[in-house]
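So that the names make sense, note that chain A is the first sequence line, chain B the second, and so on, each numbered from 1. Just so it is clear, the model here is predicted, and its values are computed rather than measured.
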Protein chains: 2
Amino acid sequence: MKQQGKKKATIYDLSVLSGCSASTVSAVLNGTWRKRRIKESTAELIRSLAEQHQYTANLQARGLRSSRSGLVGLLLPVHDNRYFSSMAQTFEAQVRSHGKCPVVVSACRDPQEELATVETLISYSIDELFIAGATDPDSVHALCEAAGIRHINIDLPGTKAPSVISDNYQGARMLTQAIIQRFGAADPLLPEELFLFGGRNDHASRERIRGFRDIKSELLGRDTDGSIQPTGYSPNMTQKAFEAFYAREGKLPRGLFINSSINFEGLLRFMAQHPHEAFTDIVVGCYDYDPFGSFLPFPVIMIRQDTESMLAKAFELIEESRPAVKIHLIQPELVHPRTALNGPLDSIRDIDA
Amino acid sequence: MKQQGKKKATIYDLSVLSGCSASTVSAVLNGTWRKRRIKESTAELIRSLAEQHQYTANLQARGLRSSRSGLVGLLLPVHDNRYFSSMAQTFEAQVRSHGKCPVVVSACRDPQEELATVETLISYSIDELFIAGATDPDSVHALCEAAGIRHINIDLPGTKAPSVISDNYQGARMLTQAIIQRFGAADPLLPEELFLFGGRNDHASRERIRGFRDIKSELLGRDTDGSIQPTGYSPNMTQKAFEAFYAREGKLPRGLFINSSINFEGLLRFMAQHPHEAFTDIVVGCYDYDPFGSFLPFPVIMIRQDTESMLAKAFELIEESRPAVKIHLIQPELVHPRTALNGPLDSIRDIDA
DNA sequence: ATTGATTGCACCATCGATTGTGCAAAAAGA
DNA sequence: TCTTTTTGCACAATCGATGGTGCAATCAAT
């Protein structure tokens with residue numbers, strides 16, 4: 001019973017075919033037919049016709065009428081790193097399990113683009129929006145609020161909507177401590193040998209810097225001037241920062257706290273320009289987990305942010321009618337060098353393996 | 001001029017406010033007003049009212065009427081690896097530059113899920129669909145065809161729609177050759193030391209295997225039985241394959257062709273279970289590029305598939321009215337060990353770096 | 001002052017589904 | 001048999017935007 005190039009079947013087509021009215025067809029096919037006291041046999045007839053003619057509802061029409069779309073959005077800064085791509089992966093799984101349709105879009109950490117993108121999503125009447133790593137969550141909130149769309153911040157908090165973020169302060173403490181302890185008592189790390197590279201002036205970076213400084217002072221006695229080298233979230237800027245440091249000092253610091261895997265890529269670019277031997281004794285801590293990063297030829301300690309729990313919590317909150325506007329902290333996990341963790345892909349069954 | 005919790009403004013609201021008809025308002029706001037010979041001053045008035053009241057078009061209504069949505073879809077197998085996430089990143093940029101709205105969804109390499117997802121997208125009247133790495137492109141084609149949606153295959157070819165894929169045969173030859181040549185004349189690689197792990201029975205894997213076998217025979221004189229170890233696209237299956245091999249042979253092969261970064265993660269999991277020293281002399285070729293993978297403590301030669309060119313070609317083809325149903329091969333790039341390439345993120349301006 | 005062309009816009013059907021309301025026919029009760 | 005209740009469904013308005021058609025009012029030409 002192929003559709004020979006014809007248009008898609010509508011409830012009106014089925015209405016004619018079945019001899020019922022369009023509203024009856026609609027009720028049968030969207031599940032509200034019992035409420036409308038439609039005969040089982042009528043429903044059966046319509047259902048079989050629908051199947052024969054491969055009926056599928058026009059979701060734009062439904063959305064227009066009901067002003068809901070069944071779409072759930074995830075706004076990402078970028079796709080292309082493991083933190084956000086694994087977030088997208090688990091997001092999709094969760095949304096699907098709720099019977100909705102996931103939509104993932106990135107806005108390149110550009111406030112303008114964020115707002116424009118969200119406006120577009122709103123114009124499609126998305127039902128809910130998960131705002132991950134937005135540079136300006138509160139403006140996004142304003143748009144959602146005006147449109148009556150439930151929304152929640154992830155990864156970077158806002159002040160107007162509930163937020164689920166990882167505990168950057170604790171994570172940074174753990175990571176910094178692990179870096180320091182990696183150096184044995186024989187040749188302990190000195191305060192002036194421990195630096196933090198990467199990040200910008202966002203909540204996550206600030207908290208990580210605070211954790212870094214606190215634990216550094218606790219364990220090494222003091223923090224040092226210029227131990228923080230913000231570079232934005234750009235590999236190239238980070239590379240330049242390392243080049244500058246190297247030109248100035250003739251070596252890399254032995255202890256490196258790197259704010260994200262994106263910044264870590266900047267370190268790679270630096271390394272590609274220099275002989276391997278120039279930094280065999282360094283210890284890197286990276287506030288992000290990447291399985292390949294964990295196996296590099298120097299000790300790499302990583303933080304894995306728990307995207308599963310973050311999203312689970314976010315889903316829980318977004319279901320509430322009036323969730324409190326507060327920040328929920330999710331504990332991240334310290335990952336020792338040479339560790340290959342399972343990820344969201346592992347829950348996918350592979351067919352003909 | 002805040003919307004104090006009111007509904008969003010519609011053309012009817014603006015129609016009342018301006019004293020014009022709704023169709024005039026519509027024409028002004030969607031750009032067809034010159035064709036409708038509407039006075040500049042009228043247009044100006046309506047535009048300013050629209051701005052005052054923060055009018056944004058209801059895209060579901062527009063889509064319903066015009067049976068187009070402005071959405072362009074990308075169907076991915078998975079989000080969570082660098083190949084597909086960088087494809088998503090590039091895709092978004094390209095779609096945006098065409099003034100459309102990108103929608104990226106993954107279907108987990110599950111034929112059922114692929115079809116269901118595409119049906120959903122069709123129900124939203126997406127305008128175009130890029131089908132990347134689908135397990136069953138021809139069934140997806142059937143759906144698109146029936147719905148009159150322009151579509152194109154990427155990464156894995158179909159037989160019913162034009163396809164843009166990377167030249168897996170050539171890429172595999174290059175990669176295999178590079179692995180072999182990495183071993184000096186002093187201690188050359190023997191045919192029985194070179195294996196291919198990963199992949200399944202899809203077009204890409206078959207072509208890569210063919211390239212692998214051909215060049216292996218050419219350079220090393222022969223291929224060996226059992227040199228192909230398909231494991232699906234699952235880290236765990238791949239890990240198990242390595243464990244089995246290791247249990248059997250007491251070591252890893254010195255030359256390893258790994259079908260994708262996902263399979264490479266399986267190797268990492270294997271390595272995490274074994275001392276580093278157990279495989280210092282191996283050379284890995286991976287048919288995928290991952291910046292961190294390139295810097296591992298053994299030589300890793302990678303293939304970077306040219307997603308930019310693939311997508312550019314795909315966009316070009318999809319604009320054509322009746323593109324030929326043929327396969328377009330895009331040359332991939334060989335990436336030597338310790339190389340950090342630029343990616344799609346580099347074209348994003350970082351704000352407050 | 002007519003006629004004809006042009007300008008500027010209003011009217012209305014339409015896209016496909018949802019939903020409140022109303023009304024016959026059938027069943028139940030008197 | 002006549003009312004009352006229940007069953008089963010049809011009708012029609014509606015969501016917001018689009019685009020074909022038609023018709024006054026203005027202007028130009030004779």
(message) If you count heavy atoms of other groups shown closer than 6.0 angstrom to CD of B:E40, is the number above 12?
(response) yes
(message) What's A:T10 touching, base or sugar-phosphate or nothing? Going by heavy atoms closer than 4.0 Å.
(response) sugar-phosphate
(request) Let me know, please, whether A:G19 or B:T56 comes out on the 5' side of the other along DNA chain D by nearest nucleotide. (result) A:G19
(message) How many whole angstroms separate atom CZ of B:R34 from atom P of C:dG8?
(response) 11 Å
(request) Tell me whether the OP1 or OP2 atom of D:dT18 has a side-chain N or O from B:N30 closer than 4.0 Å. (result) yes
(message) Quick check on DNA chain C: between B:S41 and B:R65, whose nearest nucleotide comes earlier from the 5' end?
(response) B:S41
(request) Provide, to the nearest angstrom, the distance between the NZ atom belonging to B:K8 and the P atom belonging to D:dC15. (result) 16 Å
(request) Using the six-membered ring wherever Trp is involved, compare the ring planes of A:F91 and A:F130 and label them parallel, tilted or perpendicular (cut-offs 30° and 60°). (result) perpendicular
(message) For a quick check, tell me whether the side chain of A:T42 and the base of D:dC9 share a donor-acceptor pair closer than 3.5 Å.
(response) no
(request) Whole angstrom is fine here: how far is it from CH2 in B:W33 over to C1' in C:dG8? (result) 12 Å
(message) Could you check whether the side chain of A:R62 and the base of C:dT18 have a donor-acceptor pair of N or O atoms closer than 3.5 Å, going by distance alone?
(response) no
(message) If I take atom CZ from residue B:R62 and atom CD from residue B:Q60, how far apart are they, to the nearest 0.5 angstrom?
(response) 12.5 Å
(request) Ignoring backbone atoms, establish whether B:Y124 has a side-chain N or O less than 4.0 Å from OP1 or OP2 of C:dG16. (result) no
(message) OP1 or OP2 of C:dA10 versus the side-chain N and O atoms of B:S21: is any pair under 4.0 Å?
(response) yes
(message) What I want to find out is whether A:E92 reaches A:R96 closely enough, with some N-O distance under 4.0 Å, to be called a salt bridge.
(response) yes
(request) Please determine if B:R150 and B:D127 form a salt bridge, counting it only when a charged side-chain N lies under 4.0 Å from a carboxylate O. (result) no
(request) State whether the distance check finds a donor on one side and an acceptor on the other, under 3.5 Å, for side chain A:S23 versus base D:dC11. (result) yes
(message) For B:L64 and B:R37, find the nucleotide of DNA chain C closest to each by heavy atoms; which residue's nucleotide sits nearer the 5' end?
(response) B:R37
(message) Does D:dT14 have its OP1 or OP2 closer than 4.0 Å to a side-chain nitrogen or oxygen of B:Y12?
(response) no
(message) Rounded to whole Å, how long is the line connecting atom CG of B:L14 with atom C1' of C:dC9?
(response) 17 Å
(message) Checking contacts here: which listed nucleotide (C:dG16, C:dC15, D:dC9) is nearest the side-chain heavy atoms of A:K39?
(response) D:dC9
(message) Let's test your reading of the model: under 3.5 Å, does the base of C:dG20 pair with the side chain of A:R36 as donor and acceptor?
(response) yes
(message) Parallel, tilted or perpendicular, judged at 30° and 60°: which one describes the rings of A:H79 and B:H79?
(response) parallel
(request) Please state how far atom NZ in B:K35 lies from atom P in D:dG19, giving the value in whole angstrom units. (result) 7 Å
(message) With a cut-off of less than 4.0 Å, is there a side-chain N or O of A:S26 near OP1 or OP2 of C:dT18?
(response) yes
(request) For B:L59 and D:dC15, give me the distance from atom CG to atom P, rounded to whole Å. (result) 18 Å
(message) What is the distance, to the nearest angstrom, from the CD1 atom on A:I46 to the C1' atom on C:dA17?
(response) 14 Å
(request) Can you figure out which of C:dT19, D:dA17, C:dG16 approaches the side chain of B:A57 most closely? (result) D:dA17
(message) When you measure from the side-chain N and O atoms of B:S67 to the phosphate of C:dC15, is any distance below 4.0 Å, counting only OP1 and OP2?
(response) no
(message) Tell me the interatomic distance from A:E44, atom CD, to D:dG8, atom P, rounded to whole angstroms.
(response) 15 Å
(request) Report which part of the nucleic acid A:I11 touches: base, sugar-phosphate, or nothing (heavy-atom distance under 4.0 Å, all strands). (result) base
